[in-house]
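Numbering of ligands and ligand atoms starts at 1, following listing order. Predicted model only: the values in this text are computed from it and were never measured.
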Amino acid sequence: MKKIVFATNNAHKIEEVRAKLSSKFTILSLRDINCNDDIPETANTFIGNAEQKAIWVLDKYGHDCFADDSGIEIEALDNRPGVFSARYAGEDCSFDDNNKKVLQELEGKANRNAKFSTTICLKLKGETYFFVGEIDGKIITNYAGSKGFGYDPIFVPNGYDRSFAQMTLEEKNKISHRAIAVEKMWAFLEKLN
Ligand code: IMP
């Protein structure tokens with residue numbers, strides 16, 4: 001079976017992608033290729049960061065690979081935090097710090113529109129491909145739910161009345177930005193000879 005590296009050590013992401021594993025590829029994590037590097041993410045777009053991580057693995061380790069970058073964009077905050085989603089409230093901040101900051105900044109604002117977005121960069125046989133997944137929703141005024149991670153407790157997808165943090169992993173994985181991007185990449189890989 002062909003091997004492809006997913007440039008992450010996030011067990012949750014690896015599990016999600018392996019769940020969609022076709023008969024074509026075995027997914028390896030960074031740990032599986034003995035990469036313990038703190039891979040830089042210094043671009044100011046999801047595309048730039050995803051490609052930066054994929055290039056690092058390809059150049060240093062010589063493996064075909066894919067990498068993802070995600071975040072939340074909030075309309076009333078001029079699409080912040082975007083690529084800074086992980087460390088919006090400061091360098092060593094917690095998910096809770098980030099959520100509090102967002103709720104504070106949106107206090108009194110009528111526009112609660114937000115969008116989760118994932119970009120995957122795939123480096124395969126010398127070619128580069130991108131796959132994007134997005135989901136629109138609203139930032140609610142108080143935390144709801146305790147599952148998931150990151151901004152899940154304050155984000156309700158459009159068409160739903162529960163936050164991501166009130167959904168099971170299985171439910172979230174059917175509709176999430178990451179699932180959509182992974183699905184697109186998988187459909188592409190399935191078509192390859
Ligand atoms: P990453 O690029 O996928 O590691 O995501 C960067 C940051 O975006 C995370 O640390 C979270 O704060 C946020 N984020 C990305 N995806 C999600 C999600 O599915 N739910 C909640 N927060 C997310």
Side-chain angles (χ1 to χ4, degrees), residues 6-17 19-20 27 29-31 37-57 65-74 77 79-103 105-106 112-122 130-140 143-158 160 162-185:
F6 184 6
T8 184
N9 272 327
N10 181 325
H12 169 89
K13 291 185 186 178
I14 297 267
E15 188 190 1
E16 189 178 310
V17 173
K20 294 183 186 293
I27 307 290
S29 68
L30 290 176
R31 207 164 290 125
D37 309 343
D38 192 10
I39 304 179
E41 286 180 51
T42 53
N44 55 11
T45 58
F46 297 128
I47 290 180
N49 279 331
E51 186 166 26
Q52 192 176 19
K53 288 186 263 187
I55 286 174
W56 181 280
V57 171
C65 65
F66 59 93
D68 73 324
D69 196 46
S70 314
I72 190 164
E73 296 175 315
I74 300 170
L77 303 180
N79 294 329
R80 281 182 286 115
V83 288
F84 303 110
S85 292
R87 47 192 186 282
Y88 190 45
E91 261 322 301
D92 296 313
C93 66
S94 64
F95 291 143
D96 192 46
D97 295 333
N98 287 334
N99 286 329
K100 280 197 180 120
K101 180 169 177 177
V102 165
L103 291 185
E105 287 185 322
L106 287 183
R112 315 288 297 192
N113 295 337
K115 177 168 76 182
F116 269 121
S117 185
T118 292
T119 299
I120 293 177
C121 173
L122 170 68
F130 292 99
F131 306 91
V132 175
E134 293 181 336
I135 178 157
D136 290 308
K138 302 261 183 297
I139 302 294
I140 48 181
Y143 287 37
S146 55
K147 299 188 183 72
F149 70 102
Y151 299 89
D152 283 349
I154 60 168
F155 179 85
V156 172
N158 287 345
Y160 292 79
R162 286 172 305 142
S163 77
F164 265 175
Q166 291 172 301
M167 296 182 181
T168 62
L169 184 61
E170 201 187 5
E171 279 178 292
K172 183 185 164 191
N173 280 351
K174 281 190 188 134
I175 57 170
S176 83
H177 46 307
R178 199 171 303 103
I180 293 167
V182 168
E183 200 62 58
K184 285 181 184 172
M185 181 179 71

Please state which protein non-hydrogen atom is closest to [atom] and give its distance, to 0.1 Å?
| atom | result |
| --- | --- |
| atom 22 (N) of ligand 1 | Tyr151 N, 3.2 Å |
| atom 2 (O) of ligand 1 | Ser70 N, 2.9 Å |
| atom 4 (O) of ligand 1 | Lys13 NZ, 3.4 Å |
| atom 16 (N) of ligand 1 | Arg178 NH2, 2.7 Å |
| atom 8 (O) of ligand 1 | Ser85 CB, 3.4 Å |
| atom 20 (N) of ligand 1 | Asp152 OD1, 2.6 Å |

### Query
Going through the checks in order, is the side-chain contact (heavy atoms from CB on, under 4.5 Å) test met by Leu77 and Tyr88?
CA-CA 12 Å; Leu77 303 180; Tyr88 190 45; 4.1 Å; yes
### Query
Is a side-chain donor or acceptor of Glu134 paired with a backbone partner of Lys115 at a separation under 3.5 angstrom?
no
### Query
Asn98 side chain to Ala86 main-chain N or O, any donor-acceptor pair under 3.5 Å?
yes
#### Entry: Closest approach of Ile135 to His177 (non-hydrogen atoms, all atoms of both residues)
CG2-N, 3.7 Å
### Task
With heavy atoms only and a cut-off of under 4.0 Å, state how Phe116 meets ligand 1: side chain, backbone, both or neither.
side chain
#### Entry: Reference residue Asp69; test side-chain contact (heavy atoms from CB on, under 4.5 Å); the match among Val83, Ile120, Ile47
Val83
State if [X] counts as touching ligand 1 under the rule of any non-hydrogen atom under 4.0 Å.
| X | result |
| --- | --- |
| Asp69 | yes |
| Glu41 | no |
| Ser176 | no |

### Message
With a 4.0 Å cut-off on N to O distance, would you call Lys101 and Asp97 a salt bridge?
### Response
no
### Message
In terms of relative ring orientation, are Phe155 and Phe116 parallel, tilted or perpendicular, with 30° and 60° separating the classes?
### Response
perpendicular
Show me which atoms of ligand 1 lie under 4.0 Å from any heavy atom of [X].
| X | value |
| --- | --- |
| Gly71 | 8 (O) |
| Gly150 | 21 (C), 22 (N) |
| Lys172 | 18 (C), 19 (O), 20 (N) |

### Query
Counting only heavy atoms not in Tyr160, do more than 12 sit closer than 6.0 Å to its OH atom?
no
### Message
For Phe66 and Val182: C-alpha separation, side-chain torsions, deciding distance, then whether side-chain contact (heavy atoms from CB on, under 4.5 Å) applies.
### Response
CA-CA 10 Å; Phe66 59 93; Val182 168; over 6 Å; no
